[in-house]
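Below is one structure, written out as structure tokens; comments come after it.
The chains referred to below are lettered A, B, ... by the order of the sequence lines, with proteins before strands, and numbering in each begins at 1. What you see below is based on every heavy atom in this structure, not just the backbone, and it leaves out hydrogens, waters and symmetry mates.
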Number of protein chains: 2
Amino acid sequence: MAPEAGQSDHILLIEDDPDVLDLVRYNLNKAGFSVTVARDGLAGLKAARSTPPDLVVLDLMLPEMRGEDVCRELKNDGATAAIPVIMLTAKAQTEDRIAGLELGADDYMTKPFSPRELILRIEGLLRRVRSAGSGDKLCVGPFELDRGIFEIRLDGAKLELTAIEFKLLAMMMEKRGETLPREMLLRDVWGYRSVVDSRTVDTHMRRLRSKLGAHAGSIETVRGEGYVFRLSQES
Amino acid sequence: MAPEAGQSDHILLIEDDPDVLDLVRYNLNKAGFSVTVARDGLAGLKAARSTPPDLVVLDLMLPEMRGEDVCRELKNDGATAAIPVIMLTAKAQTEDRIAGLELGADDYMTKPFSPRELILRIEGLLRRVRSAGSGDKLCVGPFELDRGIFEIRLDGAKLELTAIEFKLLAMMMEKRGETLPREMLLRDVWGYRSVVDSRTVDTHMRRLRSKLGAHAGSIETVRGEGYVFRLSQES
DNA sequence: TCCCCATGTGACGAAAATGTCACAGAATCA
DNA sequence: TGATTCTGTGACATTTTCGTCACATGGGGA
């Protein structure tokens with residue numbers, strides 16, 4: 001919809017059905033992408049390795065090599081592991097979806113799909129990957145804070161946090177190693193001159209810890225002082 | 001509590017009461033701040049101009065020159081306007097508080113106050129100002145997006161936004177000038193593969209617009225396409 | 001002009017987030 | 001050990017947020 005100003009993004013399309021291929025290629029080109037095509041899994045893998053694209057659109061059902069295997073190969077090869085993959089699948093079944101994502105695909109579309117939607121997903125995925133790639137990120141062990149998209153990931157999985165929990169954890173990550181008194185957290189997280197009880201912080205810490213699972217120990221209590229964020233040994 | 005690693009922050013304390021002065025100076029020093037003292041308003045103003053501090057702690061009742069006037073002078077002088085000011089006031093009345101903030105004070109404390117609380121406020125204010133000063137900010141006309149503290153200000157006033165509204169506005173500010181289709185907003189704001197209706201976006205845009213007041217026009221509707229963020233003329 | 005479709009608006013129920021208790025458990029100190 | 005203080009935990013009421021309707025409004029094309 002809005003072509004990039006600089007170099008156009010390069011998409012590798014791995015698809016055997018000529019009709020789908022033409023439709024998708026046409027629309028991708030129209031949207032300002034540069035497109036390379038492969039008609040079977042092996043060729044696709046080869047193309048991805050020789051000229052790494054910015055993103056791969058991969059059909060699940062392919063001759064020569066199954067889409068799943070192509071995806072797995074891509075993700076296992078260091079040179080191509082970072083390339084986002086969108087799977088195309090004819091089966092609208094949930095199992096396929098889950099399997100696709102477990103294989104490392106970053107998104108999937110179920111045929112039939114609208115080209116418009118595919119474009120949107122490609123743009124969103126590229127944006128997402130680039131946000132994660134740019135310097136706007138704070139990594140502390142298995143914790144990744146990405147302010148650009150308001151997300152904190154733990155071991156690669158997005159944490160589902162409420163607004164307060166997000167702010168709390170973000171602040172603790174920034175001030176890791178420092179003991180943060182409850183008053184300070186109230187001030188900076190709850191905002192200017194809040195009226196809430198100091199113990200409320202404890203409750204939110206509990207909720208936060210429960211969402212951190214095995215890493216709950218990274219939020220330590222300093223009796224009489226406050227809380228510290230510090231990587232725990234248990235991983 | 002946790003002294004800065006680098007250069008210690010410089011606080012200018014303008015206070016005439018010797019008892020309060022000693023108490024505050026002692027605690028500030030203990031907290032790792034370097035402190036300069038002035039005993040009346042004129043001297044304070046002079047000190048601030050000759051050696052601009054990182055922050056000013058200012059008593060409201062002073063000989064020679066009223067605290068209000070000192071504050072106003074500081075804020076009107078380009079050289080000192082950016083320095084955060086914390087007011088100390090003996091009167092626990094709301095009117096004083098509001099007046100203090102309207103004069104440009106960034107925070108205030110009512111006597112008697114705990115030194116600990118003052119330290120926390122100073123640290124919070126310094127942090128806040130620095131977050132705003134660092135490059136982590138996106139300014140579009142009267143709109144300021146500060147990801148560091150999850151805040152969007154409009155004409156200097158903080159907007160009270162929900163999580164979704166914040167993400168929506170942040171994204172629109174980043175993509176200002178581009179028409180954003182509802183599907184894209186759903187994808188990127190609501191997250192991965194949301195199940196909500198497309199019209200829901202409209203409702204949130206309405207709520208957002210109502211919070212923008214006179215600047216509601218900055219969110220334009222593009223019939224059949226989506227929404228654009230673009231500065232409106234009405235200011 | 002009238003009709004059709006997209007968007008604005010007010011309202012409402014459902015769901016989620018939030019703040020506070022009361023009590024249990026743990027750590028610290030006498 | 002015992003007492004005291006601080007923190008963890010489960011539960012609860014309340015508030016806020018969220019998504020969706022039904023209807024009003026308004027622009028654009030036939």
Side-chain angles (χ1 to χ4, degrees), chain A residues 116 150 152 158-172 179-213 215-230 232, chain B residues 116 150 152 158-172 179-213 215-230 232:
Chain A
R116 173 192 169 80
F150 308 101
I152 299 181
K158 176 180 177 181
L159 289 174
E160 295 295 340
L161 303 175
T162 70
I164 288 182
E165 288 161 2
F166 188 101
K167 288 188 198 174
L168 264 183
L169 186 49
M171 157 155 288
M172 298 192 77
T179 299
L180 308 176
R182 291 175 176 71
E183 292 92 332
M184 174 194 214
L185 294 169
L186 282 177
R187 234 202 70 95
D188 287 349
V189 171
W190 271 256
Y192 198 172
R193 209 165 275 266
S194 71
V195 289
V196 296
D197 190 275
S198 186
R199 290 299 312 277
T200 300
V201 177
D202 298 57
T203 296
H204 283 276
M205 285 298 176
R206 170 165 50 92
R207 289 168 183 157
L208 200 42
R209 279 170 170 157
S210 78
K211 292 187 182 181
L212 299 189
H215 294 278
S218 292
I219 297 179
E220 296 177 16
T221 305
V222 182
R223 188 181 168 87
E225 297 288 324
Y227 294 92
V228 205
F229 183 83
R230 184 180 294 144
S232 62
Chain B
R116 171 191 171 79
F150 307 101
I152 299 181
K158 176 180 176 182
L159 290 174
E160 295 294 341
L161 304 175
T162 70
I164 287 183
E165 288 161 1
F166 188 99
K167 288 188 198 174
L168 263 183
L169 186 50
M171 157 155 289
M172 297 193 78
T179 300
L180 308 177
R182 292 177 176 69
E183 293 92 331
M184 174 194 216
L185 294 169
L186 283 177
R187 235 202 68 96
D188 288 349
V189 171
W190 272 253
Y192 199 167
R193 209 164 276 267
S194 71
V195 288
V196 297
D197 191 274
S198 185
R199 290 300 311 277
T200 300
V201 176
D202 298 57
T203 295
H204 283 276
M205 285 297 176
R206 170 165 51 94
R207 289 169 183 158
L208 201 41
R209 278 171 172 158
S210 79
K211 292 187 182 180
L212 299 191
H215 293 278
S218 293
I219 297 180
E220 295 179 15
T221 305
V222 181
R223 191 183 168 85
E225 298 288 323
Y227 293 92
V228 206
F229 182 83
R230 184 179 294 143
S232 62

What are the two closest non-hydrogen atoms of A:Asp197 and A:Arg199, and how far apart are they? OD1-N, 2.7 Å

How would you give the extent of chain B contacts on DNA chain D, as first and last nucleotide 5' to 3' within a 4.0 Å heavy-atom cut-off? D:dT17 to D:dG27

Sequence-aligned protein contact record of nucleotides 17-30 of chain C, with B where the base is within under 4.0 Å of a protein heavy atom and S where only the sugar-phosphate is: SBBB------BS--

Has B:Arg230 got a side-chain atom pairing as donor or acceptor with B:Glu220's backbone, closer than 3.5 angstrom? no

Main chain of B:Gly191, side chain of B:Ser194: is a donor-acceptor contact present, judged purely on distance under 3.5 Å? no

Looking at C:dT7, I'd like to know if its phosphate oxygens (OP1 or OP2) sit under 4.0 Å from a side-chain N or O belonging to B:Arg182. yes

Quick one: closest heavy-atom pair of B:Arg182 and B:Gly226, and the distance? NH1-CA, 3.9 Å

Can you say whether the rings of B:Phe166 and A:Phe150 are parallel (under 30°), tilted (30 to 60°) or perpendicular (over 60°)? perpendicular

State the CD1-CG distance between B:Ile219 and B:Leu180, to the nearest 0.5 angstrom. 10.5 Å

Are any side-chain N or O atoms of A:Lys211 and backbone N or O atoms of A:Glu160, one a donor and one an acceptor, separated by less than 3.5 Å? yes

Is the shortest heavy-atom distance from the side chain of A:Arg207 to the side chain of A:His204 under 4.5 Å? yes

Rounded interatomic separation in angstrom, taking CD from A:Glu160 and P from C:dA16: 12 Å

To 10°, what angle do the rotation axes through the five end pairs on each side of the helix from C:dT1-D:dA30 to C:dA30-D:dT1 form? 30°

Which of A:Thr179, A:Asp202, A:Thr221 passes side-chain hydrogen bond (donor to acceptor under 3.5 Å, both in side chains) with A:Tyr227? Answer is A:Asp202

Between B:Leu159 and B:Leu169, the two heavy atoms sitting closest are CD1-CD2, 4.0 Å

Please check the phosphate of C:dA6 (OP1 and OP2 only) for any side-chain N or O of B:Thr221 closer than 4.0 Å. no

